[in-house]
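Proteins come first, then strands; the chains are lettered A, B, ... in the order of their sequence lines, and each starts at number 1.
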2 protein chains.
Amino acid sequence: MTERAETSADSDPSLANEAETRRSADSSERAYTTIRKLLVEFKLKPGERINEVQLSRSLGVSRTPIREALNRLASEGFVSLTPNRGFFVRSLSTEGLLDLYELRSIIESAAFKLMCERAEDSEIDRLRQYWEAIVDGYRDQPPDIILAEDEGFHLLIAELSGNPELVGQLASINARIRFIRRIQIEHPSHDKAQITSHSAIVEAAVKRDAENGAKLLREHIEMTVSATQQALKDALLKVFAPDNGADLKRRRRARDA
Amino acid sequence: MTERAETSADSDPSLANEAETRRSADSSERAYTTIRKLLVEFKLKPGERINEVQLSRSLGVSRTPIREALNRLASEGFVSLTPNRGFFVRSLSTEGLLDLYELRSIIESAAFKLMCERAEDSEIDRLRQYWEAIVDGYRDQPPDIILAEDEGFHLLIAELSGNPELVGQLASINARIRFIRRIQIEHPSHDKAQITSHSAIVEAAVKRDAENGAKLLREHIEMTVSATQQALKDALLKVFAPDNGADLKRRRRARDA
DNA sequence: GAACGCAATAGTGTCGACACTTTCTTGACG
DNA sequence: CGTCAAGAAAGTGTCGACACTATTGCGTTC
């Protein structure tokens, strides 16, 4: 009964970003995407210890691919490993999230400047087209699509910077904050400010106005952050529902250990 | 004869940077540092396929910890994984190296600005002290020490930015370009320009002159890059000694695959 | 003599088992 | 009653084995 020839073709392309090194098809890869999804959706709760045996049973594979996936996730900052004690879900406190957004802002505004210096006109035009193609129906899409389109927009800027390392970095950061972006998109506070921001950014790109575009991006991200604050609180409260937010502090402390 | 209770306490602290999640003591960790060292020293050559069995034999452990280490190294960009074909040493072409330095420059100058905004006076003073404590004997140290001190200096700035994600990023980049920095330090072109740069940066920090300090850092890194170009060529020629640089192009192409 | 295909070989991907470490339980002692 | 220790249980870290995939080398056919 250990045969693993299951027919479930549940590859979930919505999580298949990561401009990185790895193809799919093996069960280690499946484990990786599945676990990451669990993390991103708070099915595995911040601070929690991850039980390899249990996970391997529920995914129907042995512990080996599970551990390989967890190792990757550790390198990427999703989980942490304490020797002989196992993997722990790294809690993304509000604070840690701000750090991540800050880093993202740094990278993206730098990417924009580089793009202005280096990209061909035709490439800039690709950015414009990308945005114009989605702007119309933007608000009517389901959250996952909006999220993907939004990430795609920012990632395209990174690509046009001509620096693949930069792209990889941004992709990795995106993966880690994706859950909160989704929450934010679903939250009532999400509105068309996003759209005008993006349009302004495209405009600056066409003009190759590096400074202004970088500033717009910074502001755009900062705006998103503050809009996200409340959404995050709501989400965390929902996760640690029963008792009040009291044990939030405890988990925050556990993070540095 | 599979007992693994070897007494060799060869932990090699010079490679033990990585402000990350992991403690040591298990053989997976040893495998990680050892393999990374092999990569960094070109013992495993760019483009080469990594034979797990062979590696596991030469390290005296089974393939499991080897594979865990390789997975980590893949996340960090040292190697790449092609399913059913194995891990390959990711070739660091000149171009790729420039990308990495560029990213480093972006992160460091941003870190400097943040430090200026946020750090306590006492923290800035720590930076000043750190540099003053090493500046005198700086040039007389062995390369590894110089390297560590240099990395420490830049890493300290990142820490004073107050953003741990930024620190982690920089640490990871450092690990990847460390080999070339060492080569550059040993190269005749390395001289005291480094020292005056650092001193100027400290000075800007004390004055909290964010713009100027960031500019100095950018220039400092750019200078290092150009000084490094020749050193890199020399090193690569040494590695691919017999034939001329012809197959360099081939490897470059193999990189994107 | 070259191209093709097939067999043998080498190598990765995953498994189940076991040693060792941490955590939990229970019961003796103060 | 609370504290502590010893043993049991749970869990991680590593191993060797095996299935399956890619590669290599050889023989066959045209």
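Counting only heavy atoms from C-beta on, A/R63 has its side chain closest to D/dT12 among D/dT12, C/dT12, D/dC15. Relative to the side chain of A/T64, the nucleotides C/dG16, D/dG13, C/dT12 differ in distance, and C/dG16 lies closest. When each of D/dT14, D/dT12, D/dT21 is scored by its nearest atom to the side-chain atoms of B/S27, the top-ranked nucleotide is D/dT14. Each of C/dT21, C/dG11, C/dT14 was ranked by its minimum atom distance to the side chain of B/R67; first place goes to C/dT14. Ranking C/dC15, C/dG13, D/dT12 by closeness to the A/V61 side chain, first place goes to C/dC15. Comparing C/dC15, C/dG13, D/dC15 by their nearest atom to the side chain of B/S62 picks out D/dC15. Proximity note for A/P65 (side chain, C-beta onward) versus D/dT12, C/dC15, D/dT23: the nearest is C/dC15.
Between A/R126 and A/Y130, the side chains place no donor N or O within less than 3.5 Å of an acceptor N or O (distance only, hydrogens not considered).
Atoms CD1 (A/I66) and P (C/dT14) sit 11 Å apart, rounded to a whole Å. Rounded to whole angstrom, the span from the OH atom of A/Y32 across to the P atom of C/dT14 amounts to 16 Å. Rounding to whole angstrom units, CD of residue B/E68 and P of D/dT14 are separated by 7 Å. Taking atom CZ of A/F88 as the reference point, atom C1' of C/dT22 lies 10 Å away to the nearest angstrom. Rounded to whole Å, the distance from CD on A/E52 to P on D/dT12 is 4 Å. Taking atom CD on B/E48 and atom P on C/dG11, their separation rounds to 12 Å, with Å as the unit. A/R30 has its CZ atom 15 Å from the P atom of C/dG13, to the nearest Å. Put simply, CZ on B/R49 is 6 Å from P on C/dT12, counting in whole angstrom units.
Residue B/A111 comes nearest to B/A158 through the heavy atom pair CB-CA, 4.0 Å, listed as atom of the first residue, atom of the second, then distance.
When heavy atoms are screened at a 4.0 angstrom cut-off, A/I50 is found touching the sugar-phosphate backbone but no base atom.
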Q: Mind running salt bridge (Lys or Arg N to Asp or Glu O under 4.0 Å) on B/E123 and B/R118 for me, showing each step along the way?
A: CA-CA 10 Å; B/E123 292 179 312; B/R118 295 179 188 160; over 6 Å; no
Q | Residues A/R178, A/E41; criterion salt bridge (Lys or Arg N to Asp or Glu O under 4.0 Å); working and verdict | A | CA-CA 10 Å; A/R178 189 171 296 140; A/E41 291 174 352; over 6 Å; no
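Phosphate proximity of D/dT12 to A/N84: absent, as no side-chain N or O sits under 4.0 Å from OP1 or OP2.
Using a 4.5 Å heavy-atom cutoff, the side chains of B/L114 and B/L166 are in contact.
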